[in-house]
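Sequence lines set the chain letters: A, B, ... in the order given, protein chains first and strands last, and positions in each chain run from 1.
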There are 2 protein chains.
Amino acid sequence: MSQRFFQLNMQFTRTFRKKLNEHLVEVGLYYSQWSIVYYLKQCGSATLVEITNYLDVEKPTISRTVKRLEEQQLIERLPSEDKRERKMQLTKKGLEMYEKAYDVVNKFEQSLLAEIPETEMEASFRTIQQLRDKLK
Amino acid sequence: MSQRFFQLNMQFTRTFRKKLNEHLVEVGLYYSQWSIVYYLKQCGSATLVEITNYLDVEKPTISRTVKRLEEQQLIERLPSEDKRERKMQLTKKGLEMYEKAYDVVNKFEQSLLAEIPETEMEASFRTIQQLRDKLK
DNA sequence: CCTAAAAAGTTACCTAAGTAACTATATACC
DNA sequence: GGTATATAGTTACTTAGGTAACTTTTTAGG
């Protein structure tokens with residue numbers, strides 16, 4: 001049973017990402033980009049290391065995705081005292097993108113959640129949280 | 001709350017794969033390879049399309065991973081009537097690999113599951129299963 | 001029987017995530 | 001103040017996943 005849980009969950013997240021990407025095509029964003037745009041909206045601005053810590057993804061991966069977001073002019077660099085760091089924030093265009101993408105993501109997630117009891121979701125949330133904490 | 005569940009779960013599976021890969025290094029296998037070896041052990045033999053359907057991963061991805069497993073002589077081709085298909089099975093070396101990797105994976109998964117109540121795990125399993133079914 | 005459609009794999013090329021090794025800047029310590 | 005260490009980010013290269021387009025073989029329909 002335990003075996004199967006992890007396998008099932010790996011498969012689910014793979015398909016989840018795939019389907020969400022299909023929906024995000026219409027606004028011109030990938031899920032990986034969305035997760036950074038989402039974070040920057042919440043916190044206003046952040047360095048690459050801060051994004052790395054929040055998403056728990058390695059620096060080179062973040063570096064590349066941030067580069068693409070900058071090329072699309074969805075985010076921009078902020079001046080900083082520490083010359084090593086790149087502090088980024090959403091541009092006006094990025095904020096508009098956030099609004100559009102939020103709708104797409106939210107609609108998709110809500111459609112999945114319909115009919116799943118809240119208590120079950122809460123139990124699942126706790127479980128995944130505990131599992132994640134153990135990994136660290 | 002729902003928002004966070006998907007984000008949390010994506011992050012968890014990413015870290016899960018990473019850590020499991022670190023453990024699997026000692027037997028010389030990647031998680032993606034393990035999932036194919038595991039399936040071939042369960043069903044005896046399978047074509048690429050059958051593996052594709054079981055894992056819900058696209059054909060080119062499976063094709064590449066199978067190629068590597070064959071190069072490592074962990075799996076081998078079986079003769080088949082349909083000249084299009086490649087029916088694969090574990091070699092003797094592949095079976096030995098299965099045993100070693102099974103221990104690694106099982107130990108890792110059990111260590112994560114310790115202290116998590118069974119009822120919570122069952123609820124989580126049902127939830128992920130329902131979510132996955134909705135995606136299809 | 002012959003041709004069109006379907007199915008199994010492969011190839012080429014895209015994004016996503018990882019490690020290792022590097023540069024440049026900032027901090028700590030003697 | 002000068003040197004060693006730590007931190008931020010990048011570059012090069014790996015595996016993992018995806019799509020689109022292709023070849024080869026099989027199946028279906030006329």
Side-chain angles (χ1 to χ4, degrees), chain A residues 7 9-25 28-37 45-72 75 77-88 135, chain B residues 7 10-25 28-37 45-72 74-75 77-88 135:
Chain A
Q7 213 175 328
N9 199 19
M10 294 298 274
Q11 191 202 304
F12 165 67
T13 52
R14 210 161 42 221
T15 311
F16 175 85
R17 170 188 284 272
K18 189 173 156 185
K19 296 283 180 184
L20 186 45
N21 270 333
E22 285 171 16
H23 283 88
L24 281 171
V25 158
L29 219 57
Y30 287 99
Y31 177 76
S32 60
Q33 298 177 315
W34 161 250
S35 62
I36 292 178
V37 167
S45 70
T47 65
L48 298 214
V49 163
E50 285 167 344
I51 299 174
T52 284
N53 290 334
Y54 173 72
L55 296 178
D56 196 31
V57 167
E58 297 299 321
K59 286 191 294 180
T61 305
I62 298 298
S63 182
R64 178 171 26 80
T65 309
V66 159
K67 198 175 178 181
R68 282 186 200 139
L69 286 170
E70 204 175 4
E71 282 164 5
Q72 291 179 254
I75 66 177
R77 197 167 175 168
L78 274 179
S80 166
E81 293 194 8
D82 190 331
K83 282 176 190 168
R84 290 172 303 176
E85 64 183 21
R86 288 179 65 188
K87 216 172 180 66
M88 310 301 296
L135 278 181
Chain B
Q7 213 175 329
M10 294 297 275
Q11 191 202 304
F12 164 68
T13 53
R14 211 162 40 222
T15 311
F16 175 84
R17 168 188 286 272
K18 189 172 154 187
K19 297 283 180 185
L20 186 44
N21 270 333
E22 284 170 16
H23 283 88
L24 281 171
V25 158
L29 219 57
Y30 287 100
Y31 176 77
S32 60
Q33 299 178 316
W34 161 250
S35 63
I36 292 178
V37 167
S45 71
T47 65
L48 299 214
V49 164
E50 284 166 344
I51 298 174
T52 284
N53 290 333
Y54 174 71
L55 296 177
D56 197 30
V57 167
E58 297 300 321
K59 285 191 293 180
T61 305
I62 299 297
S63 182
R64 177 167 26 80
T65 309
V66 159
K67 198 176 178 180
R68 282 185 200 143
L69 286 170
E70 204 175 3
E71 283 164 5
Q72 290 179 255
L74 297 172
I75 66 178
R77 195 166 176 171
L78 275 179
S80 165
E81 293 193 7
D82 190 330
K83 283 176 190 167
R84 290 172 306 177
E85 65 183 23
R86 289 179 65 186
K87 216 172 180 66
M88 310 300 296
L135 278 181

Self-check item: Partners passing side chain to side chain contact (heavy atoms under 4.5 Å, CB included) against A:Phe12 (at least two apart in sequence or in another chain)
Solution: A:Asn9, A:Phe16, B:Phe6, B:Asn9, B:Ile128, B:Leu131, B:Arg132, B:Leu135
Quiz item: For the side chain of A:Arg14 and the backbone of B:Leu55, is there at least one donor-acceptor N/O pair under 3.5 Å apart?
Solution: yes
Self-check item: Qualifying salt bridge (Lys or Arg N to Asp or Glu O under 4.0 Å) pairs, either residue in residues 54-70 of chain B, two or more places apart
Solution: A:Lys18-B:Glu58, B:Glu70-B:Arg86
Self-check item: DNA chain C: 5'-most and 3'-most nucleotides touching chain B, 4.0 angstrom heavy-atom criterion
Solution: C:dA6 to C:dT19
Quiz item: Any idea which heavy atoms bring A:Leu48 and A:Ser63 closest together, and the distance?
Solution: CD1-CA, 3.9 Å
Exercise. With rounding to the nearest 0.5 Å, note down the distance linking OG1 in B:Thr65 to CD1 in B:Ile51.
Key: 9.5 Å
Practice problem: Please tell me which of B:Lys87 and A:Lys83 maps to the more 5' nucleotide of DNA chain C, matching each residue to the nucleotide holding its nearest heavy atom. | Solution: B:Lys87
Exercise. Name all residues meeting the side-chain hydrogen bond (donor to acceptor under 3.5 Å, both in side chains) criterion together with A:Gln11; count only those two or more places apart in sequence or in a different chain, and write none if there are none.
Key: none
Quiz item: Got a second to check how far B:Thr13's OG1 is from A:Arg17's CZ, nearest 0.5 Å?
Solution: 8.5 Å
Quiz item: Of A:Leu48 and B:Arg17, whose nearest nucleotide on DNA chain D comes first from the 5' end?
Solution: A:Leu48
Quiz item: Across the strands shown, which category fits B:Glu50 at heavy-atom distances under 4.0 angstrom: base, sugar-phosphate, nothing?
Solution: nothing
Exercise. Supply the atom-to-atom distance B:Ile62 CD1 to B:Ser35 OG, rounded to the nearest 0.5 angstrom.
Key: 6.5 Å
Quiz item: Of A:Arg14 and A:Arg86, whose nearest nucleotide on DNA chain D comes first from the 5' end?
Solution: A:Arg86
Self-check item: Under the side chain to side chain contact (heavy atoms under 4.5 Å, CB included) test, residues paired with A:Tyr54 that sit two or more places apart
Solution: A:Tyr38, A:Tyr39, B:Gln7
Quiz prompt | Which residues share a side chain to side chain contact (heavy atoms under 4.5 Å, CB included) with B:Thr47, sequence neighbours left out | solution = B:Val49, B:Glu50, B:Glu85, B:Lys87
Quiz item: Tell me, which of residues 58-71 of chain A have any heavy atom that sits under 4.0 Å from an atom in DNA chain C?
Solution: A:Glu58, A:Pro60, A:Thr61, A:Arg64, A:Arg68
Quiz item: Does anyone know the first and last nucleotide of DNA chain D in reach of chain B, 5' to 3', at under 4.0 angstrom to a heavy atom?
Solution: D:dT15 to D:dT26
Practice problem: Using salt bridge (Lys or Arg N to Asp or Glu O under 4.0 Å) as the criterion, list what pairs up with B:Arg84, not counting sequence neighbours. | Solution: B:Asp82
Quiz item: When the nearest nucleotide of DNA chain C is assigned to A:Arg84 and to A:Tyr31 on a heavy-atom basis, which residue is associated with the more 5' position?
Solution: A:Tyr31
